[in-house]
Structures are given as C-alpha cells and as structure tokens.
2 protein chains.
Amino acid sequence: VERSFEIDIDRLKEVVFSRDVRVVGLQLPEGLKRRGPEIAGILERECGVRVLISGNPCFGACDVDTRLLGRVDLLFHLGHSGRDTHRIVFVETPARVEVERVLEKALSLLESERIGLFTTVQHVHSLRDARDFLEGRGKKCVIGKGDGRIKYPGQVLGCNYSAIRGLDCEELLYLGGGSFHPVGASLATYKRVVAADPFTLKVEEINPELVVRRRYAQLSRARDAENWGIAVSTKPGQFREELALEIKRKIEKWGRKAFLAHMDLISPDSLLNLGGEAWVSTACPRIALDDSSSFQVPVITPPELDVLIEGKPWKMDEIWG
Amino acid sequence: VERSFEIDIDRLKEVVFSRDVRVVGLQLPEGLKRRGPEIAGILERECGVRVLISGNPCFGACDVDTRLLGRVDLLFHLGHSGRDTHRIVFVETPARVEVERVLEKALSLLESERIGLFTTVQHVHSLRDARDFLEGRGKKCVIGKGDGRIKYPGQVLGCNYSAIRGLDCEELLYLGGGSFHPVGASLATYKRVVAADPFTLKVEEINPELVVRRRYAQLSRARDAENWGIAVSTKPGQFREELALEIKRKIEKWGRKAFLAHMDLISPDSLLNLGGEAWVSTACPRIALDDSSSFQVPVITPPELDVLIEGKPWKMDEIWG
C-alpha cells in the first residue's frame, strides 16, 4: 500500500489569500519533507507569495522552527496537531488508507474482549471505522479522551499517553506505523499492546522488555557519575530551563557536579563532546528512551534521577516526567 | 605533544566582574567543548553567576549561538577571533606549543627560497617565531595582511584566504593541524602548499587533486538536474537570503525549478529528505567543498552554478563566492 497522506492545498491557499502575507514558511516532518518543494511551487505560482521551506529536522508540534518564523509572515506547520497562533497554522495530514484489512489480521493477535484503541493524528480519523469494524467482530472498544494537550479522542503523542492511561480495557490496539508509539504505550500502561500498520499490513505484539533492560543498564552506568550534564533543548515545546536548574541543585546537594548545556537537537556527538559522565535530558522524554543505544554516555530522564538519588523504585510508567 | 590551548580564565572573570551580569553563556568549538564544564564551574563558584553552555556544534565565529545569546546577559565565544559586540565577547585560545621542531622537519619538504606563511588564529602568535627560525635557515618569509575580515597577519579562515592570495612567494607553509586549511589554500592560490602540525609533528605536501576531481564530479552530476534546492543557513555569519533569492531567479530563468530551504546546519539528511536533485549552498563554502562525499546529492557553490549556466570555465580559486 502506498504511503499516502492528504495535504489540503486548497486550505493552505485559502489561508494565504485571507491574510495580508508576502512570505510564507513551510515546515514538514521528515516523512513529508519531500512534498515541500511541490507545495512551495504551487503557493508561489497561485498565490504570488514567496515560500521558504524549513530544512531542519522536525519531530512534533513541540518543534516549531522559530528561526524560520522570524523570517516569514506566516508559518504552515504540517503533519502535527497544534493550537494555531497569530502566525503559525498547524495543518494535519490524515493518512489515506483503509483500515479493515489490517484490523482483520490484528484480530488473530487480540486475546481479550475489551480493547482500547489509540493512534497518532495521522490515523485519528479512522478510529471510529476501526471501532465499528471490531465491534462487528464481537469486541468491545474504548477510546480515551486524553488530557488538555490531546486534541482528538484516542490520540497519543511521544510524550503524552493520557488518552490510554487508566483506560478501562484489557489490552490496547495501536493503529499506525513504527514501534515508537506502541512501545511508549506499553511502558506507560503495563498493558499488552498490539500494533497494526494499515500501510504495511504488519501486525505484532509489542514487547517492551528490551527498552526496560536498557533503562536499567543506563541507570546502573549513571549511578556513580561524578560529573553530570543537564541537557536543555531550545525547541519551543521542549524548553524546560527551570526544571534543569532544579535538577542541577538536586545533583549538587547529592554531592556531585553538574552543568547546564543548551542545544537545539540533543545528539550523541553533542553530549559526548561536552564530556559529562552521565546526562539528564529535560527535553523530549523519548530521546532518553528511544535513542539510548546511540548515545555513548548514559542519558536518563528527570524521574529516573530521583530513582538514583532517593532510591525510589524504578517504574516504567513514571519515566516520562 | 599534548594538544594544549590556553584559555585565559582570569580574563573571563575580569569581564564578568566588570559588568552587571547574572547569566553567562559559554560557546566552544568542538575541540574545546570538553573544557566547558570546568570553566562553567569556576565562573559559577568564583563570580557568582549562572553559566549555560552551548551544546550545539560550533565551527567558527560565523556560528554564534544566537538562541543561547537570547537567554544570557553575556556570551563568551571561545576559540575564534571576532569583533566583540555589546553582549558577545570573543576569546581566542592560543595553542601552547613550540614550533621549531616541526619547522625543522618541514625544511626538507620546502623546495623554494621564498615562503609564504599562514595559519589559523590558534597559532597566529607563533608566525614570527616561525619566520625568524626559517630565515635563520636561509629562507625568505612573507606574511600577508588579509582583507578587513582578517584580524591577524597570516591568518586564514575557512572562507577567507585573502592573507595569501597574490602573496609574493613561490610556495606556502601552513602551520597547524588538519588538511582543511592547507587544501583551501592550495585551491585558492594554485601554489604548492606544505603543511606542518606542531602538535603531531607531521609534515606533508598538500595535493588538492582529489578535491578538484570531486568538484568536477559534482558539477557533472548537477548539470541536468531539473529541480534545484537552494540552502540558506540561518547561522548569523552564514545567512545569505538575498543571494539565495537571486540564485533562485537565475535557475528559473535557466528553465529549471528551484526552491529555498532555510536550515541551521546543512546536513546530508536535510538535503536528501527535501528531495532536490541538486543543491546550491549559500552557507559556508567549505560545506560543498569538504563534505561533498557525505552528501548523496550534488552540492555546488554559487560561482559553480555560473559555470553550469553560463558555460564559464571552472577555476579552483573562484569556487568560494
């Protein structure tokens, strides 16, 4: 199945025409970047504006290109859901794909009657179809609402699983691609998670054990570090300097040294070059959880630091903080 | 020989004490980043300020971390020479190393009588010693002044070889590490270049042929591209949006398509994901020249685009633009 996402060009054009703008910015997630030049060409030809595309990596609505924003009258941020501001317009890009076939396959992996459904913004419009289909096959489906940061029922973000935490169900079904979100869901809820990708038609049960083992390894490597780095991301939705300062005081009270490092992207090279023996990342929690194998130094999350300092038990649903 | 660079901590402290600052930023090039936490600790303890270190990669005075600058009262930018502003203080970090031994070795590679000396800001204070030593051995040494962007006689930057262009000498001697600057010098002057590294004591004659062959390969791959990306770096000293717009008009007049992409770091992934068949980089000219083997698409400099469009001859001393 071709990986196809709907980009509502007419809506982009309407927004441009309805405002007095001359320079328009365009920010797309990695999987959609390739569509950027084509969209830019259409807006330039048909709306008479100049378009600047963001070439920086983009991983979420937390990751608005503020530098590009400073160069344009209006910034379109595609592929993520967010709250529009005066000059930023978030444009969702729903997946164009049927879900029945992959759900048919997923049925054979589902063990319980009561299924919690969840997905990302790309597939959120398909959750009702999914529920109807599964209920037609004898399942009972629940879809959680999530907290104030979640726009759609059943939607999760890399840093927010509120739509499935405490949901009244026996297991969870994820509609979408990749293992990033279903692993997150598994960690956040302790529940069995089945993932079903409507594009590849792959279905699988998620096993969070590898991630859990890696977390223990990171904590055990970090335990004796004398010199700690605290990483602050300057991405607007990930910037938590106050928390970082609090963590610095905590580490110093613990009798170790600590320094603050501000950076855009938290990358393995950046942490390695600065020479901290262990790091606390105050940025996207998924950096520590998902990228740990690419970092040469241990990187832990703020709640995991409390595990080390206060000897609290490590709990996989509390590592986000 | 240990790679040792002098960081004048007393000067940093004096600057901090002489101003009413509470939060200080610290930006270091990759090779000095590891000293960051130690310097931060000293300033915090002895001056009572809070220090934030920049974790972003840093390659020159053109690469001031403006986002960190927005969070601090004063930014120390270490390791490069630059013009201080109200809130940015450039702090050079001279290499602590003798030059006689490596010059003794270099003598055997020098073929001519009249030698042009050049180096980077780290070794610029040693050029007089080098001249005296070589003149004691029967050579005649010349050291060029450079244009307005060059602070010290004999100093070169990755984008500026004005101190050696047109210098009255038969060959050039580079004092310092790596092949980046001597290759640049060779391309910029067509002269024979010998490089001598006082730390490793390695001496060698530079052969620019590999770079030249790669440039021809890039141009030949770019020639038929229909869809061009034009990369604009948002680093303050590399930002050339007007030039990029001019290049866009030029490419469109040539009958091809073009789009503008703004990014911090021009990285292989960024260019690949955006899908241009060929790219013109308006950022640091060294990105196209030095990193071409890591890019999967051809990346050329603005003067090289003129070679393609206007059929001008390619000249290796004119690729900087």
Side-chain angles (χ1 to χ4, degrees), chain A residues 23 25-41 44 50-58 65-68 70-72 227-235 239 241 244-245 248 252 257-267 269-276 279, chain B residues 23 25-41 44 50-58 65-68 70-72 227-235 239 241 244-245 248 252 257-267 269-276 279:
Chain A
V23 186
L26 198 56
Q27 195 182 9
L28 311 103
E30 299 316 287
L32 283 180
K33 273 226 164 50
R34 206 156 272 257
R35 304 282 302 275
E38 166 207 340
I39 300 168
E44 290 194 335
R50 169 182 306 162
V51 179
L52 311 177
I53 304 172
S54 169
N56 293 317
C58 175
D65 190 336
T66 49
R67 203 169 301 234
L68 182 61
R71 303 294 310 168
V72 299
N227 194 18
W228 286 75
I230 304 159
V232 178
S233 169
T234 49
K235 292 184 189 299
F239 183 70
E241 194 178 67
L245 287 166
K248 183 169 189 286
E252 286 168 348
K257 283 193 248 174
F259 62 89
L260 255 63
H262 283 49
M263 56 197 94
D264 180 42
L265 200 64
I266 315 281
S267 76
D269 279 352
S270 294
L271 302 196
L272 187 69
N273 289 348
L274 281 166
W279 285 80
Chain B
V23 186
L26 198 57
Q27 194 182 9
L28 311 104
E30 299 316 286
L32 284 181
K33 272 223 163 54
R34 206 158 272 256
R35 305 281 302 272
E38 168 207 338
I39 300 167
E44 290 195 335
R50 170 182 306 160
V51 179
L52 311 177
I53 304 171
S54 170
N56 293 316
C58 174
D65 190 335
T66 49
R67 203 169 303 231
L68 183 61
R71 302 293 310 167
V72 299
N227 194 18
W228 285 74
I230 304 159
V232 178
S233 169
T234 50
K235 292 185 190 299
F239 183 70
E241 194 178 70
L245 287 166
K248 184 171 189 284
E252 286 167 349
K257 281 192 250 177
F259 62 90
L260 254 64
H262 282 50
M263 57 198 93
D264 179 43
L265 200 65
I266 315 283
S267 75
D269 278 353
S270 293
L271 303 195
L272 187 68
N273 289 348
L274 280 165
W279 285 80

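Quick note on labels: first sequence line is chain A, next is B, and so on, each numbered from 1.
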Start with the C-alpha distance between A:Arg67 and B:Thr66, add both sets of side-chain angles, then the distance that settles side-chain contact (heavy atoms from CB on, under 4.5 Å), and finish with yes or no. CA-CA 10 Å; A:Arg67 203 169 301 234; B:Thr66 49; 2.7 Å; yes
Chain B contact via A:Leu68 - which portion, at a heavy-atom distance below 4.5 Å: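 For A:Leu68, the side chain is the part near chain B, not the backbone.
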With a 4.5 angstrom heavy-atom cut-off, could you sort out which part of A:Val51 is near chain B: side chain, backbone, both or neither?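 Contact with chain B is through the backbone of A:Val51 alone.
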What's the spacing between [X] [atom1] and [Y] [atom2] if we round to 0.5 Å?
X	Y	atom1	atom2	answer
A:Asn273	B:Cys58	CG	SG	11.5 Å
B:Leu260	A:Arg50	CG	CZ	8.0 Å
B:His262	A:Gln27	NE2	CD	13.0 Å
A:Ser54	B:Met263	OG	CE	8.0 Å

Salt bridge (charged side-chain N to carboxylate O under 4.0 Å, His left out) filter on B:Asp65, not counting sequence neighbours, yields none
Quick check on the interface: out of A:Leu245, A:Leu272, A:Ile230, A:Leu265, who has the most heavy-atom pairs with chain B under 4.5 Å?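 Of the candidates given, the most pairs with chain B belong to A:Leu245.
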Among the listed options A:Leu28, A:Ile53, A:Asp269, the residue most often paired with chain B at heavy-atom distances under 4.5 Å: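 Of the candidates given, the most pairs with chain B belong to A:Ile53.
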Does the side chain of A:Thr234 come under 3.5 Å of the side chain of B:Arg71 through a donor N or O and an acceptor N or O?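 Side chains of A:Thr234 and B:Arg71: no pair found under 3.5 Å.
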Closest-packed option against chain A by number of heavy-atom pairs under 4.5 Å, given B:Ala258, B:Gly55, B:Gly275: B:Gly55
A:Asp264 side chain to B:Asn56 backbone, donor-acceptor under 3.5 Å: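 Absent.
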Would you call A:Glu44 and B:Lys248 a salt bridge, taking side-chain N to carboxylate O under 4.0 Å as the test? yes
Can you tell which part of B:Leu274 gets under 4.5 Å to a heavy atom of chain A, answering side chain, backbone, both or neither? both
Tabulate, in ascending numerical order, the residues of residues 30-40 of chain B having at least one heavy atom closer than 4.5 Å to a heavy atom of chain A, or enter 'none'.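 Within residues 30-40 of chain B, near chain A: B:Glu30, B:Lys33, B:Arg34, B:Pro37.
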